[in-house]
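Have a look at the structure below, then the notes.
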Amino acid sequence: MSRSAHPAGPRHADVLHEGHYSAPPADLNVLDEKVWSRTVTRDAEGALTVGGIGVARLAEEFGTPAYFLDESDFRARCRAWSDAFGRDADVFYAGKAFLSRAVVRWLQEEGLNLDVCSGGELTTALDAGMPAERIAFHGNNKSQDEIERAVRLGVGRIVLDSFQEIVRVADVAQRLGKRQRVQIRVTVGVEAHTHEFIATAHEDQKFGIALAGGQAAEAVRRVLTLDGLELIGIHSHIGSQIFDMAGFEVSARRVVQLLAEVRDEHGVELPEIDLGGGLGIAYTSEDDPREPHEIAKALSDIVTRECESAGLATPRISVEPGRAIVGPTAFTLYEVGTIKPLEGLRTYVSVDGGMSDNIRTALYDAEYSVSLVSRRSDAEPMLVRVVGKHCESGDIVVKDAFMPADLAPGDLIAVPATGAYCRSMASNYNHALRPPVVAVRDGEARVIVRRETEEDLLSLDVG
Ligand SMILES: *Cc1c(COP(=O)(O)O)cnc(C)c1O
């Protein structure tokens, strides 16, 4: 079992989902509300609609492939998270899942904070008017320039990831005459994957400073001696696409233990703990994610209990959901190009996108589902693999799924739950033009990230 962290998804999904899709669903026309965004439904003719607009019109107006993002669903999920955590906690949306200026504005309007992990994400956030104090800056190798900008602009917290960085951020803050609020990211020896977690003493991965061997305690010691830094808490992020709260339980216990040690050694009680993100969503009907209020209750119960037993006041909690907010809110719409039945194996369905708009299947063996959405069909189910148009046999969008046997070139098919880590990880492989993101709400659709053009490609190529 690998112990490395895969921020955008589990690498072992194929193992964990063994037997998945062994039988076709009873009715291929059913759009399981678990995997589709909230306003998705089929109209009287059987075509999918989102935000009240049919896919035929969306395809006509915006082309395919394209991501369609259900704005009211996005906003509802933001509210569900902030309501669930209430006033004693902070919700930071992890911008790396998907970030654009429109998204930043929605986050502000819904009262969320934002995690960034690069100068580019920081610029996008600030340009859309996110107040710097509501931004957390992450990353295991922030550049000198990124640190300077973050401190100068006054981001609310920088999450320190190494001993070198402690010194770098302190130096910059001192030079600018500032006191930068920081957290220390620790590795707690927990790696969580979907339905299981592994608790270990050490972690073999690049992020954070180990609790093991007194490393994290030493980092706290150093930070506390530096005038330029104000230590506000401890940060831990244990994995992604997690359903089981047991990993958070172990992680919270170990972080609280560190808080107790810090109090005993330095006489200070750090006011905050950040438990990171990584909460799972339904990519297929097999997945059963928890609601934000259940997660909030579980996390706050764990922290309260651990703090009580350590004799500490309960710190303010922050969480950083990315996927759990944006993931379920979007689907990718493709047009079927070619269909190849391979006798005794499966049928290969080629679409007009692929690994350039969704790398997660190739990278993490991620599971997705797919539906015919331009019409209803009562044809028999056939086992398909949905593949892209790239020059790569690993260019798979959906590894195994059932689709109606009368599927034909020109049909529109859609892959749900592609809001997180699809557009944000999209590439120009084969000089593909990255698809647009179209926000749909109450009968209106508007482009929030436009489709790339061949001029865009040529403009980077300076000859
Ligand atoms: C990636 C990441 C997140 C978000 O993870 P999701 O799986 O999208 O919820 C949160 N915090 C940190 C530090 C991360 O690296």
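These values consider heavy atoms only, across backbone and side chains, with no hydrogens, waters or symmetry-generated copies. Whatever order the structure lists ligands and atoms in, that order sets their numbers, starting from 1.
Residue contacts with ligand 1: Ala420 is excluded, as none of its non-hydrogen atoms falls under 4.0 Å.
A donor atom on one side chain and an acceptor atom on the other are found under 3.5 Å apart for Arg149 and Thr123.
Closest heavy-atom approach to atom 11 (N) of ligand 1 within the set Arg323, Lys96, Glu320, Arg185: this belongs to Glu320. Taking each of Ala136, Gly322, Gly278, Ala97 in turn, the one with a heavy atom nearest to atom 7 (O) of ligand 1 proves to be Gly278.
Only the side chain of Tyr421 comes within 4.0 Å of ligand 1, counting heavy atoms alone; its backbone N, CA, C and O stay farther away.
Where the criterion is an N or O separation shorter than 3.5 Å, residue side chain and backbone included, Gly239 fails it with respect to ligand 1. In terms of polar-atom proximity, Ala94 is not counted as a contact of ligand 1, lacking any N or O under 3.5 Å from an N or O of the ligand.
Pairs engaging residues 80-91 under the side chain to side chain donor-acceptor pair (under 3.5 Å) rule: Asp90-Arg316 [sequence neighbours left out].
A cation-pi geometry, defined here as NZ or CZ lying under 6.0 Å from the six-membered ring centre and within 45° of its normal, holds between Arg185 and Phe207.
In summary, Asp73 and Arg77 engage in a salt bridge, as defined by a charged side-chain N under 4.0 Å from a carboxylate O. A salt bridge between Glu133 and Arg181 is absent, with no side-chain N of the basic residue lying under 4.0 Å from a carboxylate O of the acidic one.
Listed by atom number, the atoms of ligand 1 under 4.0 Å from Gly277 heavy atoms are 9 (O), 10 (C), 11 (N). Each of the atoms 7 (O) of ligand 1 lies under 4.0 Å from some heavy atom of Ser240. Counting the atoms of ligand 1 from 1 in the order shown, those under 4.0 Å from a heavy atom of His138 are 13 (C).
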- List the steps, then state whether side chain to side chain contact (heavy atoms under 4.5 Å, CB included) holds for Met245 with Ile295. CA-CA 8 Å; Met245 299 306 287; Ile295 294 163; 4.0 Å; yes
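Between the Glu320 side chain and the Leu275 main chain, no donor and acceptor come within less than 3.5 Å of each other.
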